[in-house]
Each structure stands twice: as C-alpha cells, then as structure tokens.
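Working notes for the structure below.
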Amino acid sequence: MRKVGASDECSGLTLITPYVTIRYMQCSNLKKARQALGLTQEQLAERLRTTRQTIARYELGIHRIPFAVQVAVDHLTSAPRIPLSGTVA
C-alpha cells in the first residue's frame, strides 16, 4: 500500500488491498454538501459529534474522510422518507 499525501486526499483516493477496495470521500464533496445544507463547519461538527477543526482538516484534505462520516453526511443530505402504512384511503 502506498503512502498518501495531502494532495491525494482531495482527489478521492482509492486504496486497493488484496481483500477490499476502499474509496474515500473527496474533501470538496464534503464542503459542497455542508454548504448545500446551509451549515457552518461548527454546526456540521456538532451534528457529527466532532470538532470544527476536524471538519476543517477534512475539507482541506489534511485528513482522510472516514466512511462513517460519508454515510452520516449522505444521511443528512437525503430527503426524509415517510413510510407508507399500506392502507388505501
């Protein structure tokens, strides 16, 4: 496995191991999602239960964005779903 530099982070790095392929979220996508939600870095950090500094580091490409953060952001940006009860009016 090769060492990853900060310039690789924003490019949506893909790591391939003999067992699994891991695709990391691009830092620009995190910033776009945050802005689309109308949130500051501080507000997003509160929702993800982390710090503003961590969000800033993700957006700058200093740290890889964990898959759990990508899932949480996807959940925040998805439209709410209303379950159907199965009855017809």
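Just the heavy atoms: all of them, side chains too, but no hydrogens, waters or symmetry mates, feed the values below. Source: prediction; values computed, not measured. Residue numbers count from 1 along this sequence.
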**OP:** List in chain and number order the residues that pass side-chain contact (heavy atoms from CB on, under 4.5 Å) with Glu46, two or more places apart in sequence or in another chain; answer none if no residue qualifies.
**Re:** Glu42

Subject >> By side-chain hydrogen bond (donor to acceptor under 3.5 Å, both in side chains) - contacts of Arg52 (at least two apart) >> reply: Gln41

Subject >> Summary of salt bridge (Lys or Arg N to Asp or Glu O under 4.0 Å) pairs that have at least one residue in residues 24-38, sequence neighbours excluded >> reply: Arg34-Glu59

Would you give me the side-chain donor-acceptor pairs under 3.5 Å for residues 68-78, sequence neighbours excluded?
unit_1, atom_1, unit_2, atom_2, d
Thr77, OG1, Val73, O, 3.1
Thr77, OG1, Asp74, O, 3.2
Ser78, OG, His75, O, 3.0

Subject >> Separation between CZ of Arg47 and CG of Leu37, rounded to the nearest 0.5 Å >> reply: 7.0 Å

Original post:
Thr50: what forms a side-chain contact (heavy atoms from CB on, under 4.5 Å) with it, not counting sequence neighbours?
Top reply: Ala45, Leu48, Thr54, Ile55

Original post:
Taking the side chain as C-beta and beyond, is there a heavy-atom pair between Asn29 and Ile65 under 4.5 Å?
Top reply: no

Subject >> Smallest separation among heavy atoms of Cys27 and Tyr58, with atom names >> reply: CB-O, 2.9 Å

